[in-house]
Amino acid sequence: MPSQLKAPELSKVDQERLAQSGIDLAMKNRCGSYLQMDQEVVHAECMQEGMEVLSYKKAMEKYDWLKEYNWKVVSSEKDDVTKYVAAQKEPKGYVIIAHKGSSNILPIQACLFLGRDQIQHVHNIIIAEEDSELHIISGCTSGAHVGKGGAHYGISEFYVKKNAKISFTMIHTWSENIEVYPRSASRVEENGVFLSNYVCMHPVKKVQMYPTATLSGENSVARFSSIVIASPTSYMDLGSRAILEGKGSSAELITRAITKGGTIISRGHIQGKTAGTRGHLECKGLILQDGMIYAIPEIEGSVVGTELSHEAAVGKLARDEIEYLMSRGLDEDEATATIIRGFLDVKITGLPDALQKQIDATIDVAEKAGF
Amino acid sequence: MLHIEDLHVKVGEKEVLHDINLHINEGETHVLLGPNGSGKTTLLMTIMGFSNYTITEGKILFKGEDVTKMHAHERAKRGMGMLFQRPPTISGLKLGKILTAISHDKGENIPELARSVHMDGFLERDINKGFSGGEIKRSEVLQLLIQNPDFIMLDEPESGVDLENISLIGAAIGSLLEKDKHIIKRQKSGLVITHTGYILDYLETDRGHVMCDGQIKCHGNPREILMDIKQRGYKECLECRHN
Ligand SMILES: Nc1ncnc2c1ncn2[C@@H]1O[C@H](COP(=O)(O)OP(=O)(O)OP(=O)(O)O)[C@@H](O)[C@H]1O
Ligand SMILES: [Mg+2]
């Protein structure tokens with residue numbers, strides 16, 4: 001039996017916020033956990049055969065070869081955030097390894113909790129070795145009472161080996177005074193699949209990220225899906241990039257963005273460098289209150305035989321749709337919430353049920369609160 | 001059930017309906033006939049309470065209450081319902097989810113009702129997205145089966161529907177309108193728009209009205225009027241205008 005996550009000093013409210021981020025403290029539907037509160041590694045374990053969840057520090061001590069994966073897809077010199085994390089004497093974060101041929105049905109959960117005013121920094125390395133299948137849910141949350149504010153700097157390096165698959169679902173539940181700077185990148189080898197999902201239904205001061213997937217292997221696949229709502233005070237600069245290098249590789253970048261007055265910059269970039277590659281970028285935005293949705297889709301093809309496309313649309317709720325539902329007896333708020341819920345409904349191909357349900361549940365909670 | 005008095009309606013800047021009077025008693029089903037563009041759908045949308053149909057004069061009484069200024073959902077809550085000629089497509093919104101929302105946990109057996117109109121395979125589809133003409137009508141009927149209104153407006157329920165499905169839809173609408181009940185016990189009322197009249201084979205109707213150029217020009221026995229129109233077209237209606 002998996003042990004419960006020990007997080008003694010968490011209030012009921014904070015536990016609730018963790019649950020909304022997909023963290024299952026009872027560990028019923030998870031096969032492993034990493035919990036970091038501020039800079040303290042509280043928990044790191046994995047029950048799944050063939051998989052390991054280790055703190056960054058322990059992992060580096062245990063496996064000498066990990067050096068080959070350290071600051072390799074993300075450069076430590078990239079920007080102030082990476083430099084800050086690279087300069088830490090006591091680096092934090094987790095390493096998750098799916099050894100050859102292993103696979104998990106119940107996901108591993110990684111929980112990063114920010115409780116006090118400060119910068120929380122992590123450096124994560126995630127490796128799926130040949131023929132493995134690894135599913136992770138990452139819940140990032142701040143306590144309901146984080147004084148003046150704080151920041152989260154998170155480096156994540158993903159390595160998807162031949163015939164392997166990683167799905168990484170990140171759910172943010174921050175608050176108005178937190179700034180978040182994830183820096184992540186992945187390398188996907190032959191027949192590898194990388195799914196990256198991002199959900200943020202809660203206010204945040206600022207998020208800025210632009211994860212990149214390099215599809216180096218033949219027939220490798222990357223799918224990025226982002227489902228976000230910007231509150232009036234939120235500034236979200238989000239993007240994702242796929243570099244199609246391997247023959248037959250393909251990528252899909254999907255965004256659903258709603259602003260209730262905040263700013264969302266939705267970037268996307270697909271580079272087709274090899275024949276037989278395909279990429280599609282889709283951004284749909286809904287403006288509920290004056291704010292900004294700025295979609296910047298970029299597709300860049302440089303060889304004959306790469307096929308890239310994008311569609312972007314920003315609009316408002318359609319009155320005739322709302323009234324159609326009202327004529328069935330739903331009041332205006334119910335009708336509106338029902339349509340927004342539909343707008344946010346993205347079914348992610350290849351994602352296990354448990355994770356799709358978690359994403360749905362997180363959005364359902366936001367729907368109940370009237371978005 | 002429904003009393004409309006001296007109703008004038010504008011769509012945008014244009015007055016589309018002029019001086020409409022209509023009375024439908026409890027238990028009665030009326031038929032609304034009229035050429036394309038004459039204002040039939042406009043009348044139904046106005047009765048339902050859609051906001052881009054502006055009532056400039058007149059009033060609508062429903063079950064004795066003035067609903068002229070009410071929103072669509074308030075009218076629906078009071079027992080109005082409508083089958084749309086051209087319902088919108090709502091991206092991402094599953095038919096099943098709408099049905100659950102309409103039922104408001106009243107405990108209807110959604111899967112069974114869906115099966116009854118052969119829509120059980122559509123619950124996970126986005127509403128109306130890629131639905132064929134007949135599927136749209138069946139989805140509309142299904143929503144009404146769950147909503148179960150007292151007064152049902154049907155905007156061309158049979159157009160684009162094959163014969164087999166007309167009988168399916170006709171039977172479902174018949175049961176919604178309590179056509180199986182004895183006339184004295186029947187409490188539900190309807191207003192049906194039709195061009196072909198096929199639906200009338202499944203619904204006994206009480207009275208017909210002909211709309212031309214935004215006005216109701218004549219009233220009478222629905223089958224007789226329909227027969228007349230089939231033989232002579234709407235020409236006489238149009239001539240009526242000049243009287
Ligand atoms: N939103 C709108 N903007 C402009 N004109 C409109 C609008 N809605 C309806 N109209 C006009 O009002 C008139 C009546 O339209 P309506 O849809 O009510 O006709 P109908 O009798 O239902 O026709 P059909 O038999 O073709 O369904 C038409 O001339 C139509 O173009
Ligand atoms: Mg019409």
Evaluate the ring planes of [X] and [Y], with Trp represented by its six-membered ring, and classify them as parallel (under 30°), tilted (30 to 60°) or perpendicular (over 60°).
X: Y53(B); Y: F50(B); result: perpendicular
X: H23(B); Y: H3(B); result: tilted
X: F62(B); Y: F151(B); result: tilted

So which of E334(A), K284(A), R256(A) has the biggest tally of heavy-atom pairs under 4.5 Å with chain B?
-> E334(A)
Name the region of [X], side chain, backbone, both or neither, that has any atom closer than 4.5 Å to a heavy atom of chain A.
X: S51(B); answer: both
X: I98(B); answer: side chain
X: M82(B); answer: backbone
X: N148(B); answer: neither

Between D290(A) and T259(A), is any pair of side-chain heavy atoms under 4.5 Å apart?
-> no
Tell me, side chain or backbone of L330(A) under 4.5 Å from chain B's heavy atoms, or both, or neither?
-> both
Given the rule in the side chain to side chain donor-acceptor pair (under 3.5 Å) test, do T196(B) and E158(B) qualify, once you have shown the distances and angles that lead to the verdict?
-> CA-CA 8 Å; T196(B) 63; E158(B) 84 276 55; 2.9 Å; yes
Between P149(B), A101(B), G92(B), which has the largest tally of heavy atom pairs under 4.5 Å with chain A?
-> G92(B)
Best-contacting candidate, K77(B), M48(B), Q143(B), against chain A by heavy atom pairs under 4.5 angstrom | Q143(B)
